[in-house]
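Reviewing the structure listed below.
As a basis for the values below, the full set of heavy atoms in this structure was taken, side chains included, without hydrogen atoms, waters or symmetry mates.
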Amino acid sequence: QVQPVESGGGFVRPGDSLRLSCAPSIRTFGGYGMAWFRQAPGKEREFVAGCKWNGDESYYADSVQGRFTISMHSATSTLYLQMDSLKPEDTAIYYCAAGFWAQRVGTRPTDYTYWGQGTQVTVSS
């Protein structure tokens, strides 16, 4: 693999939970910030959640605060996004990304260099 690979997407009902995983395509993400973005049809790619390479200093978009949790499994350098209380508006393709750590979580796509191919999350009744 030449880029991170996301998995865990699927179809769920409103209120359900889902956990996304991002397997790294490099040996370590040390020195990088990690993030999840999402993009719905016809909309711009938006920031969802991000953290330092070790999982610290997590930061969330207002739209997912309190419902989503980003974490990093250090031993495998696997990034996770635990999504609870899912809503239809969470429907999107979700991407994991990595970029140089610059003292805070970057919230723009241009802050990141490495991108996964995306995994589809659909929340529908």
Side-chain angles (χ1 to χ4, degrees):
Q1 296 79 14
V2 298
Q3 64 186 45
V5 178
E6 304 95 335
S7 62
F11 285 82
V12 297
R13 304 302 189 199
D16 283 354
S17 295
L18 205 58
R19 187 173 73 168
L20 306 184
S21 301
C22 179
S25 61
I26 59 178
R27 188 173 301 277
T28 178
F29 285 121
Y32 284 83
M34 307 295 299
W36 289 94
F37 285 77
R38 66 187 181 187
Q39 187 165 23
K43 296 186 177 181
E44 64 183 1
R45 189 168 299 187
E46 67 172 348
F47 173 81
V48 176
C51 65
K52 201 174 180 180
W53 65 87
N54 61 2
D56 291 346
E57 303 183 37
S58 58
Y59 179 74
Y60 300 88
D62 290 341
S63 59
V64 306
Q65 179 70 244
R67 298 188 299 119
F68 290 10
T69 304
I70 189 171
S71 61
M72 170 67 74
H73 187 254
S74 299
T76 59
S77 296
T78 300
L79 185 70
Y80 296 97
L81 184 68
Q82 176 66 42
M83 305 183 294
D84 298 322
S85 301
L86 283 162
K87 305 175 180 179
E89 50 262 46
D90 295 319
T91 296
I93 299 176
Y94 283 70
Y95 301 88
C96 63
F100 179 74
W101 179 254
Q103 309 305 313
R104 64 178 296 175
V105 172
T107 60
R108 303 192 305 177
T110 53
D111 294 325
Y112 297 89
T113 301
Y114 299 95
W115 291 85
Q117 84 290 344
T119 185
Q120 177 71 49
V121 172
T122 302
V123 185
S124 176
S125 60

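Under a cut-off of 6.0 angstrom, the local environment of CD in E44 is sparse, with at most 12 non-hydrogen atoms contributed by other residues, nucleotides or ligands.
At least one donor-acceptor pair closer than 3.5 Å links the side chain of E6 to the backbone N or O of Q117. Under a 3.5 Å cut-off, the side chain of D16 and the backbone N or O of V12 do not form any donor-acceptor pair. Within the 3.5 Å criterion, the main-chain N or O of R67 finds no donor-acceptor partner in the side chain of S85. Listed for the Y59 side chain is no donor-acceptor partner under 3.5 Å among the backbone atoms of G106. Between the side chain of T91 and the backbone N or O of V123 there is at least one donor-acceptor pair closer than 3.5 Å.
Between Y114 and P4 the shortest heavy-atom distance is CB-CD, 4.2 Å. Scanning both residues, D56 and C51, for their nearest heavy atoms gives O-CB, 3.5 Å. Of all the heavy atoms in L79 and C96, the pair that sits closest is CD2-CB, 4.3 Å. When all heavy atoms are compared, the tightest approach of G8 to L18 is O-CG, 3.3 Å. Of all non-hydrogen atoms in S58 and I70, the two that sit nearest each other are CB-CG2, 3.7 Å.
Put simply, CG on N54 and CE on M34 are 11.5 Å apart, with the number rounded to the nearest 0.5 Å. One finds the CG atom of D90 at 7.0 Å from the OG atom of S63 (value rounded to the nearest 0.5 Å). Interatomic distance, CZ of R19 versus OG1 of T69, reported as 11.5 Å (0.5 Å rounding).
When side chains are defined from C-beta on, P14 counts as touching P88, because their heavy atoms get closer than 4.5 Å. Contact annotation: the side chain of L20 approaches that of T119 to within less than 4.5 Å [non-hydrogen atoms, C-beta and beyond]. Side-chain contact between Y32 and Y112: absent, with no pair of heavy atoms (C-beta onward) separated by less than 4.5 Å.
Cluster membership check: M72 shares its hydrophobic cluster with M83, using side-chain heavy-atom separations under 4.5 Å among Ile, Leu, Val, Met, Phe, Trp and Tyr. Under the 4.5 Å side-chain heavy-atom criterion for Ile, Leu, Val, Met, Phe, Trp and Tyr, W36 and Y80 are members of distinct hydrophobic clusters.
Under a cutoff of 6.0 Å and an axis angle of 45°, R108 and F47 do not form a cation-pi pair. In this structure, R38 fails the cation-pi test against Y95, since its NZ or CZ atom is not both closer than 6.0 Å to the six-membered ring centre and inside 45 degrees of the ring normal.
The aromatic rings of F68 and Y94 are tilted relative to each other, their planes meeting at an angle between 30° and 60°.
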Does F37 form a ring pair (Phe, Tyr, Trp, His ring centres under 6.0 Å) with W115? I'd like the steps, not just the answer.
CA-CA 10 Å; F37 285 77; W115 291 85; 5.2 Å; yes
Candidate pair Q82 and S17, rule side chain to side chain contact (heavy atoms under 4.5 Å, CB included), full reasoning:
CA-CA 8 Å; Q82 176 66 42; S17 295; 4.0 Å; yes
